Visitor: 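Got a structure for you, questions after.
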Amino acid sequence: MPNFAIRKISVVTEEIFHDGGPVAQTPRRRAAALAVVSNPYAERYVEEIQEGMEDLKPLGVMMTEKLIDALGGDSTAIDAYGKGVIVGTAGELEHGALWHVPGGYAMRETLGEALAIVPSAKKVGGFGARIDIPIGHINAAYVRSHFDAMEVGIPDGPRPDELLLALVMACGSRVHARMGGLAASDIKVRDGQR
């Protein structure tokens, strides 16, 4: 069985009051939960790695709960999310794909009626690498007001034989969203699959 030993967990929060325009009545809140874990597949090619997704599921749930707490504890206020991975240089990009199910489904299930795919990014990167995690509305991929990204990273990771796993959640649209399109208030049940 794979072992994704946790070396470090970090939670980062932001409140965005304005982006050059008027100060928002309610600031946009974003948070990222980051975990640096060992990569049991580093430095060699392993054909069957899907079992690693099962081992990562509890970490996805724990990180999701940390994000909800960081954003005030009310999961109904969270309306955007994203996920990502930085694979250390002794690993391969496919090792990052192990995070799709544990990270994405943990957020979707915990947030309840989350219908939209969780936007995702992954890359192989060296020590101190950073990654932009795409963010989208939890119920409809085409809600333009929630298109965003949050740059994340850990100064001392990932080491070559590690993975840096990231989940991001946000409350509200960009502070000066005015690009039209599908409004969050107009989402219909099947908009999440578009």
Side-chain angles (χ1 to χ4, degrees), residues 1-14 29-44 46-75 78 80-112 114 116-136 138 149-171:
M1 291 294 286
N3 180 18
F4 298 92
I6 300 169
R7 178 166 69 86
K8 177 182 281 197
I9 292 179
S10 175
V11 178
V12 179
T13 61
E14 296 181 346
R29 294 178 296 140
R30 297 190 305 197
L34 312 170
V36 180
V37 302
S38 61
N39 179 355
Y41 306 112
E43 299 183 3
R44 66 199 199 307
V46 178
E47 182 65 32
E48 297 295 329
I49 63 173
Q50 288 187 19
E51 66 182 345
M53 287 190 285
E54 280 300 314
D55 289 353
L56 287 169
K57 283 182 178 179
L59 181 58
V61 171
M62 178 179 64
M63 290 169 66
T64 296
E65 291 169 353
K66 286 182 178 293
L67 279 176
I68 293 169
D69 288 345
L71 290 168
D74 179 6
S75 64
I78 296 165
Y81 53 24
K83 66 183 184 298
V85 183
I86 302 173
V87 179
T89 56
E92 61 178 279
L93 193 60
E94 195 66 9
H95 300 160
L98 290 168
W99 190 232
H100 285 305
V101 170
Y105 280 90
M107 289 192 294
R108 290 178 74 184
E109 290 173 8
T110 304
L111 294 175
I117 191 168
V118 181
S120 180
K122 60 184 167 295
K123 71 177 192 177
V124 174
F127 200 70
R130 299 185 65 79
I131 189 168
D132 290 330
I133 306 296
I135 301 170
I138 66 171
M150 186 173 180
E151 184 187 25
V152 300
I154 299 256
D156 64 344
R159 295 174 180 165
D161 62 348
E162 291 179 330
L163 302 167
L164 190 159
L165 307 170
L167 297 180
V168 172
M169 291 183 186
C171 302

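We use all heavy atoms of the structure for the numbers below, so side chains are in, but hydrogens, waters and symmetry mates are not. Starting from 1, each residue takes its place in the sequence as its number. This one's a predicted model, so the numbers in the text were calculated from it and none came from an experiment.
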Visitor: To the nearest 0.5 angstrom, please state how far the CG atom of Asn39 sits from the CG atom of Asp161.
Guide: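 Reported to 0.5 Å precision, the distance equals 7.5 Å.
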Visitor: Kindly give the heavy-atom pair with the smallest separation between Ile133 and Lys83, and that separation in Å.
Guide: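 Shortest heavy-atom contact: CG2-N, 3.4 Å.
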Visitor: For Ile135 and Ala80, which heavy atoms make the closest approach, and how far apart are they?
Guide: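 Looking at all heavy atoms of both residues, the shortest contact is CG2-CB, 3.5 Å.
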Visitor: Find the distance between CD1 (Ile154) and CZ (Arg159) and round it off to the nearest 0.5 Å.
Guide: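 Separation between the atoms: 11.5 Å.
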Visitor: Can you tell me how far apart OG (Ser75) and CG (Asp69) are? Round to the nearest 0.5 Å.
Guide: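 Ser75 OG to Asp69 CG: 10.5 Å, rounded to 0.5 Å.
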Visitor: Going through the checks in order, is the side-chain contact (heavy atoms from CB on, under 4.5 Å) test met by Thr13 and Arg29?
Guide: CA-CA 7 Å; Thr13 61; Arg29 294 178 296 140; over 6 Å; no
Visitor: So does Ala166 get a backbone contact from the side chain of Trp99, meaning a donor-acceptor N/O pair under 3.5 Å?
Guide: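 Yes; at least one donor-acceptor contact below 3.5 Å.
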Visitor: For Ala149 and Asp132, which heavy atoms make the closest approach, and how far apart are they?
Guide: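 In this case the closest contact between Ala149 and Asp132 is CB-CB, 4.4 Å.
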Visitor: Counting neighbours of CD on Glu151 that are heavy atoms of other residues, nucleotides or ligands and sit closer than 6.0 Å, is the number greater than 12?
Guide: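 Correct, the count exceeds 12.
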Visitor: With rounding to the nearest 0.5 Å, note down the distance linking CD in Glu14 to CE in Met150.
Guide: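 It is 4.0 Å, given to the nearest 0.5 Å.
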Visitor: Show the nearest heavy-atom pair for residues Gly96 and Lys122, with the distance to one decimal.
Guide: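 So the minimum-distance heavy-atom pair works out to C-CD, 3.9 Å.
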Visitor: Kindly give the heavy-atom pair with the smallest separation between Leu167 and Thr64, and that separation in Å.
Guide: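 Heavy-atom minimum between the residues: CD1-OG1, 3.6 Å.
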Visitor: Working to the nearest 0.5 Å, report the span between OH of Tyr81 and OG1 of Thr110.
Guide: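 With rounding to 0.5 Å, OH (Tyr81) is 11.0 Å from OG1 (Thr110).
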Visitor: Show your reasoning for whether side-chain contact (heavy atoms from CB on, under 4.5 Å) applies to Val124 and Ile86.
Guide: CA-CA 6 Å; Val124 174; Ile86 302 173; over 6 Å; no
Visitor: Please walk me through it: do Leu98 and Ile49 pass side-chain contact (heavy atoms from CB on, under 4.5 Å)?
Guide: CA-CA 8 Å; Leu98 290 168; Ile49 63 173; 4.2 Å; yes
Visitor: If you look at every heavy atom in Gly136 and Pro119, which pair is closest and at what distance?
Guide: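 Heavy-atom minimum between the residues: N-CG, 3.5 Å.
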Visitor: Using the six-membered ring wherever Trp is involved, compare the ring planes of Phe4 and Tyr41 and label them parallel, tilted or perpendicular (cut-offs 30° and 60°).
Guide: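 The arrangement is perpendicular - the two ring planes meet at more than 60°.
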Visitor: Quick one: which of Val37, Asp156, Leu164 gives a side-chain contact (heavy atoms from CB on, under 4.5 Å) with Arg7?
Guide: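 So, applying the side-chain contact (heavy atoms from CB on, under 4.5 Å) to Arg7 and each of Val37, Asp156, Leu164, only Asp156 qualifies.
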